[in-house]
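Quick note on labels: first sequence line is chain A, next is B, and so on, each numbered from 1. When reading the values below, keep in mind they use all heavy atoms of this one structure, side chains included, and skip hydrogens, waters and symmetry mates.
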Amino acid sequence: MRNPIKTALRAAPGLAALLAAFPALAQTDAPPAIDTGDTAWMLTSTAIVLMMTIPGLGLFYSGMVRKKNVLDVCMQVFAICAMVTVLWMIAGYSIAFGTAASEGINAFIGGFDRMFLAGTTMESVSYTIPEWVFIMFQMTFAIITPALIIGAFAERMKFSAVMLFMGLWLLVVYAPVCHWVWGGGFLASAGVLDFAGGTVVHINAGVAGLVVCVMLGRRRGYGSVNMAPHNLVLTFVGAALLWVGWFGFNAGSAVASNAIAGIAMLNTQVAAAGAALAWMVVEWVVLKKPSALGILSGAVAGLVAITPAAGFVNPTGALWIGVPAGIACYYAAAHLKKTLGYDDSLDVFGVHGVGGIVGALLTGIFADPAINAAGEGASLGAQIYGVAVTVVYTGVVTTVLLLVTKALTGLRVSDQEEEEGLDLALHGETVQ
Amino acid sequence: MRNPIKTALRAAPGLAALLAAFPALAQTDAPPAIDTGDTAWMLTSTAIVLMMTIPGLGLFYSGMVRKKNVLDVCMQVFAICAMVTVLWMIAGYSIAFGTAASEGINAFIGGFDRMFLAGTTMESVSYTIPEWVFIMFQMTFAIITPALIIGAFAERMKFSAVMLFMGLWLLVVYAPVCHWVWGGGFLASAGVLDFAGGTVVHINAGVAGLVVCVMLGRRRGYGSVNMAPHNLVLTFVGAALLWVGWFGFNAGSAVASNAIAGIAMLNTQVAAAGAALAWMVVEWVVLKKPSALGILSGAVAGLVAITPAAGFVNPTGALWIGVPAGIACYYAAAHLKKTLGYDDSLDVFGVHGVGGIVGALLTGIFADPAINAAGEGASLGAQIYGVAVTVVYTGVVTTVLLLVTKALTGLRVSDQEEEEGLDLALHGETVQ
Amino acid sequence: MRNPIKTALRAAPGLAALLAAFPALAQTDAPPAIDTGDTAWMLTSTAIVLMMTIPGLGLFYSGMVRKKNVLDVCMQVFAICAMVTVLWMIAGYSIAFGTAASEGINAFIGGFDRMFLAGTTMESVSYTIPEWVFIMFQMTFAIITPALIIGAFAERMKFSAVMLFMGLWLLVVYAPVCHWVWGGGFLASAGVLDFAGGTVVHINAGVAGLVVCVMLGRRRGYGSVNMAPHNLVLTFVGAALLWVGWFGFNAGSAVASNAIAGIAMLNTQVAAAGAALAWMVVEWVVLKKPSALGILSGAVAGLVAITPAAGFVNPTGALWIGVPAGIACYYAAAHLKKTLGYDDSLDVFGVHGVGGIVGALLTGIFADPAINAAGEGASLGAQIYGVAVTVVYTGVVTTVLLLVTKALTGLRVSDQEEEEGLDLALHGETVQ
Amino acid sequence: MKLIIAVIKPFKLEAVREALTTAGVQGLMVSEVKGYGRQSGHTEIYRGAEYTVNFVPKIRIEIVAADDQVDRIADAIAGTARTGKIGDGKIFVLDVQQAIRIRTDERGDDAL
Amino acid sequence: MKLIIAVIKPFKLEAVREALTTAGVQGLMVSEVKGYGRQSGHTEIYRGAEYTVNFVPKIRIEIVAADDQVDRIADAIAGTARTGKIGDGKIFVLDVQQAIRIRTDERGDDAL
Amino acid sequence: MKLIIAVIKPFKLEAVREALTTAGVQGLMVSEVKGYGRQSGHTEIYRGAEYTVNFVPKIRIEIVAADDQVDRIADAIAGTARTGKIGDGKIFVLDVQQAIRIRTDERGDDAL
Ligand SMILES: Nc1ncnc2c1ncn2[C@@H]1O[C@H](COP(=O)(O)OP(=O)(O)O)[C@@H](O)[C@H]1O
Ligand SMILES: Nc1ncnc2c1ncn2[C@@H]1O[C@H](COP(=O)(O)OP(=O)(O)O)[C@@H](O)[C@H]1O
Ligand SMILES: Nc1ncnc2c1ncn2[C@@H]1O[C@H](COP(=O)(O)OP(=O)(O)O)[C@@H](O)[C@H]1O
């Protein structure tokens with residue numbers, strides 16, 4: 001039988017933080033008790049991380065597309081949420097947090113022993129919370145990661161292709177990478193620090209987005225037709241809900257209601273603010289007008305960048321992660337994309353890929369042992385290793401999955417459907 | 001004097017769950033202590049259940065009406081929220097959770113001893129939380145139930161009639177039915193399982209909605225004029241906030257921050273996802289295009305259906321409650337309504353009535369004693385009894401209250417007001 | 001070295017409440033332990049108070065302006081959120097909650113010992129929560145207060161002027177006033193009761209708003225051009241999120257997960273409802289049509305008015321604070337403004353100034369020692385004193401800061417920019 | 001050929017379109033306009049401000065038709081759009097020199 | 001009868017409407033158009049993409065009037081809408097063959 | 001002078017505007033209309049209700065031009081807007097009596 005405590009210790013974001021906080025847990029086998037306060041915070045965190053995706057991400061993205069494609073974006077986000085829920089329950093959680101028979105295999109994948117959540121009972125405890133809550137919390141991470149990718153191929157991909165690709169990607173890319181970092185896999189062993197998912201969630205989604213948009217090709221009329229965001233009020237609301245929900249994402253990754261959760265929340269706030277201001281100032285200087293799209297994008301860039309670092313750095317460190325992230329992502333979205341010529345519709349790579357990499361690397365630099373003893377062993381080298389492995393794996397496997405999807409359903413809508421708008425063409429609906 | 005502990009034990013959703021969890025409470029009279037963790041979760045649950053109604057339900061519904069009626073819908077939801085708050089404090093809580101002088105009466109109605117919240121002090125405890133919090137939590141349920149009904153008569157009922165009818169309905173229908181199930185009334189004694197309000201909230205509102213829309217008659221032009229939803233982005237946001245808030249509704253009904261809350265949250269997620277996918281797939285197969293309205297409606301259908309079962313079933317059971325609920329509600333909204341010819345504008349009966357009944361019955365089948373000892377006595381018979389009693393009572397009394405309202409204020413706006421739109425005609429405002 | 005416990009005791013909203021609740025704390029120096037339940041509720045409160053500003057306030061305000069200025073409003077709110085975050089971390093928290101060298105100075109200002117959050121460690125505790133959490137919670141109050149002001153000068157102030165003025169105002173007005181009331185300053189000593197910020201937040205912002213709109217002059221075409229709210233659905237969502245978030249604001253000001261938090265939440269709900277109904281009824285009687293704008297404004301008026309009283313009064317008291325607040329604010333927005341002729345675009349003074357004053361005064365009348373022992377010493381005199389001091393200080397200093405801003409950046413956009421709309425003129429964007 | 005411009009009440013659009021189809025009209029354009037006329041607008045009040053909105057929403061229908069069709073078409077519109085209350089709208093007829101079907105380059109009546 | 005089409009800057013609408021009422025005009029139609037002319041549009045930049053928006057929002061006013069009213073009306077419009085800056089707009093006059101008031105079936109000048 | 005009214009498919013707007021600029025057109029008005037013609041609309045289904053939406057979104061372009069420019073302009077529009085599929089749209093030409101540039105009070109061809 002699997003040992004619930006060992007599983008619990010392996011199965012978590014903010015792992016090192018917790019080992020530091022509860023050293024005793026690592027040594028004894030006494031069943032840990034449930035703490036109602038910790039559980040309350042994790043229930044709340046779960047709710048607000050779900051809110052990041054629906055409606056948060058849906059609004060953030062749908063405000064940026066043209067009016068004829070807005071419902072398609074909302075529906076993709078919502079359908080991914082539903083599909084990942086069922087897949088996570090059936091197999092995703094097991095692949096990420098189950099225990100493979102051999103230790104060699106377990107370094108890479110978590111096994112199929114926990115399919116349909118087998119083995120979880122009313123007494124199962126992860127850390128100091130019921131395992132049901134831990135499953136739910138992790139599920140919300142599994143939901144948002146594929147949903148992030150849709151920004152890269154918005155306004156041109158078939159709905160059937162989206163569903164097929166995302167289902168495969170969850171099981172073949174997300175779940176294993178999640179296992180490597182949080183499920184006791186080889187990246188955790190290598191000392192890669194990722195408090196709340198900079199690598200697992202953001203670099204992962206950012207790179208996948210880049211691959212998809214390159215393989216799909218640009219939108220019709222890209223570069224000549226005006227594709228300005230149709231309603232940035234939606235994007236404002238989306239960015240705001242992402243920000244608020246990110247407290248659950250980052251402070252929730254402490255898996256406890258304690259000082260680590262507190263500093264993680266504060267760092268999240270400071271980095272988001274720093275990056276938002278940085279993007280705004282750069283735009284103000286360069287383009288003479290600070291834009292709403294700019295400051296909102298900047299905030300998200302900062303949130304992405306602080307994700308791996310939230311429970312490891314001090315607030316000043318958070319500021320120094322946020323500001324460069326805002327500038328780097330501005331550069332990526334405004335210049336790199338133009339130079340390289342790919343059409344990453346809503347800058348998934350520019351914000352999540354680049355912001356995630358900036359954050360992952362700076363975590364190695366700014367980790368402060370006074371905040372979290374686990375930060376002591378932080379090294380830039382380990383961080384680079386973690387980033388590199390993820391980029392390569394995701395890049396390659398995403399390509400393969402897209403080829404499979406293309407063979408089965410095709411990837412792009414027809415020219416006429418693209419012209420008409422995906423809302424009407426694919427869903428028979430329009431926004432008035 | 002009434003015994004606060006006994007009241008507390010009677011006065012609660014998820015009652016059986018709690019009796020199982022704290023058996024000691026049932027035997028001793030020692031004042032239970034407040035648990036800060038449980039209280040934290042219940043404060044949070046209260047906040048997000050309120051968020052289900054404002055703005056959640058307001059957005060869900062207002063996106064589905066025509067542009068000329070959108071503010072009327074928002075305003076009805078908001079005004080009901082305000083009015084029920086005051087009525088609940090004055091009399092509703094007392095009727096639902098007070099103690100009638102005689103036990104015979106108490107089976108049906110809770111008495112008037114707690115009007116204006118008399119008897120609640122800073123020391124009053126319900127379960128392990130301050131009674132103030134319990135009052136607030138229950139208030140949010142009392143708010144959303146009448147608000148759900150407005151979807152059935154949207155776009156044609158007088159605002160004054162809405163207010164009068166809703167005030168009466170709260171006191172004469174909602175509060176007593178709430179007492180029957182959660183306040184120690186006869187349905188609880190009969191072994192009817194309703195974890196978080198499938199009967200009290202959803203069947204109740206669904207049946208009332210059906211009665212109102214039939215008595216009011218159809219909207220002008222129904223069947224010939226295009227009444228397509230004017231902005232499904234609003235409906236998307238509304239459905240998403242309902243989903244998130246439902247965690248407070250269902251997991252909050254554990255009245256504790258524990259494994260029951262955890263499994264209730266997970267079940268909620270799984271059932272919503274299953275029903276959303278089911279509705280989407282049926283639509284895809286039947287109509288060739290999966291619509292945003294469809295998947296959003298499906299999710300709500302699943303949330304409704306899992307409500308009575310959330311703390312009694314395992315996740316696989318939740319999936320098997322969600323999927324049929326999605327299909328049944330699709331059928332009700334797309335076919336049953338057409339066949340019978342009533343104009344339930346936004347399918348309150350089709351989703352809440354039908355979904356509620358599906359959920360109530362399947363709770364009797366899927367209740368798993370390994371999850372919750374209280375599920376042991378589950379029986380389809382008791383569930384059918386509970387549904388039948390509620391349908392009949394609500395159906396009859398709602399009819400009477402509508403006749404009273406009609407006599408006092410009239411029910412429908414004039415043809416010209418309906419044509420012009422209720423926003424301008426009743427509130428002097430329009431959305432640009 | 002400063003004593004962390006004494007600081008904690010001084011440094012808090014709902015101060016008196018806590019002194020009453022934990023009398024022991026005031027006498028011993030034993031380090032208080034962290035309570036995970038209290039911490040969970042404060043983490044949650046922080047998240048939902050941030051949600052009040054982004055997106056809540058942004059939506060509430062942007063729905064009320066004309067379509068050409070909607071993004072400018074959103075962006076101001078968002079940029080203030082980011083800027084205040086950084087300023088609060090650098091100096092604001094220190095000014096408000098630091099300890100000045102001399103006691104004489106400390107009555108007025110908190111000193112610069114805590115700049116860059118110096119001195120806060122992973123062991124720092126405020127009350128029963130990590131100090132990081134307390135810093136974050138307070139930060140969300142510091143964010144919303146200046147953001148409230150923008151409603152007064154909406155549709156005509158330069159974005160650069162907004163940023164400069166707000167940065168100054170935070171440090172020179174907000175932080176000191178916060179210190180006076182919650183940081184151990186002279187208003188606390190004088191027995192002024194302000195549970196959650198009626199004076200610090202609402203009167204402060206309301207008066208500042210009045211000063212700005214008078215100094216800026218009216219919008220072009222004020223009184224002849226139709227400036228009706230362009231989309232009250234946004235305002236509905238904003239008001240609803242303000243309402244929900246206010247639970248964190250008021251119940252969070254208990255800095256604990258207990259009966260005080262419970263009664264504060266219930267009072268918040270009742271007062272909001274009472275004021276919403278009051279405004280609606282007045283409008284219905286006077287103008288024959290109850291408007292969405294009216295009931296939404298009324299709810300906010302009630303929320304403002306209950307803020308200073310939330311943890312001191314009983315629910316009936318809350319109702320008697322809400323109802324007059326709704327009526328008084330209706331009068332201020334609909335008549336006083338007209339009579340005096342200033343153009344407070346979105347009635348910041350009419351709702352927050354007037355509502356705040358009504359609430360502050362009525363707190364002195366309705367404070368109930370059975371709810372909170374700290375209410376025993378409540379006196380109308382002390383309340384008037386608190387209001388007067390704040391009005392004068394804010395009025396004078398805001399004027400000075402505006403003159404400084406005017407000299408450095410100018411205050412108003414050009415006539416042509418105002419005509420064209422601030423979205424396009426200042427940010428190069430439009431809502432389609 | 002003639003251009004017929006009709007301004008009608010919005011809720012009459014569907015009925016008028018059907019009447020026109022019956023009358024043999026095969027093509028037309030519809031747009032939203034704000035009308036100003038005898039029919040008065042409404043008053044908006046919000047937070048003390050009071051404005052008269054002079055404009056009333058109307059629908060404009062435009063049809064280019066052969067000369068001999070004009071009367072039938074005008075009658076079809078007038079007959080269907082009439083409610084007898086102020087604000088029913090107007091029909092205007094203008095002369096058209098030329099019509100071209102873009103797809104086929106047909107000209108004149110053939111292009112309609 | 002004549003159809004007068006005026007394209008003006010949006011913020012001049014209310015003033016022009018008042019001037020027209022003063023000049024005795026009792027009915028008109030207003031619609032929103034995008035204008036293209038000497039007045040140049042603006043540039044939109046977002047995340048590296050840069051587009052010139054050539055069109056400028058304008059308001060089109062249409063009035064059908066008796067022949068002898070046309071000059072007065074055109075003068076009233078031009079006088080009120082003029083700012084002297086590029087983009088003030090145009091007035092076009094077309095001939096109208098027939099006008100019908102739907103409500104009463106009145107024809108010609110009586111229908112206006 | 002003539003008024004040229006062209007109804008085209010929305011996605012052709014930018015191309016047509018460029019062709020017109022090349023053809024020397026210096027001013028025009030663009031508005032959105034709902035077109036009804038041979039090209040059929042689509043069916044909307046929601047929760048059991050089924051409606052045929054008869055109207056198709058179109059763009060109307062209006063240009064007032066000197067008489068001798070009309071053919072070139074019409075050709076430029078037709079040539080650019082043609083896809084060969086049903087629904088490409090129409091061009092109508094009407095006579096214009098007078099044109100005034102509001103800014104300068106210029107009249108006739110000078111006002112264009
Ligand atoms: N002279 C006119 N020129 C252009 N449009 C007109 C004219 N007179 C009326 N209209 C249009 O016809 C509509 C109806 O006219 P109105 O005077 O309100 O009622 P009725 O047609 O019943 O006399 C107006 O809203 C306006 O759009
Ligand atoms: N030849 C034309 N045909 C139709 N509309 C025109 C024409 N020329 C100009 N317009 C309209 O008049 C508006 C103003 O014209 P513009 O050339 O910008 O300035 P001005 O009228 O001051 O010369 C344009 O935006 C366009 O809508
Ligand atoms: N007689 C007409 N009068 C006014 N507009 C017309 C007329 N006929 C067609 N149209 C417009 O032209 C558009 C295209 O016409 P349609 O019959 O669909 O295709 P085609 O131009 O290829 O024959 C229609 O949508 C309508 O807006």
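Counting non-hydrogen atoms of neighbouring residues, nucleotides and ligands closer than 6.0 angstrom, the CH2 atom of A:W284 exceeds 12 such neighbours. For CD of A:Q432, the number of neighbouring non-hydrogen atoms (other residues, nucleotides, ligands) closer than 6.0 Å is greater than 12. Applying the 6.0 Å contact sphere to CZ of E:R82 captures more than 12 heavy atoms from other residues, nucleotides or ligands. For CD of A:E420, the number of neighbouring non-hydrogen atoms (other residues, nucleotides, ligands) closer than 6.0 Å is greater than 12.
Per-residue heavy-atom pair counts under 4.5 Å with chain E were compared for A:P229, A:S291, A:A228, and the maximum is reached by A:A228.
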### Message
Could you go through E:Y46 and A:N226, starting from their C-alpha distance and side-chain angles, then the distance that decides it, and tell me whether this counts as side-chain contact (heavy atoms from CB on, under 4.5 Å)?
### Response
CA-CA 10 Å; E:Y46 49 92; A:N226 190 342; 3.3 Å; yes

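Heavy atoms of A:S297 lying under 4.5 Å from chain E belong to its backbone as well as its side chain.
When all heavy atoms are compared, the tightest approach of A:K338 to E:G48 is NZ-O, 3.1 Å. Closest approach of A:Y222 and E:Y51 over heavy atoms only: C-OH, 4.5 Å.
Considering CE of A:M227 and CZ of E:R47, their distance stands at 15.0 Å, rounded to 0.5 Å.
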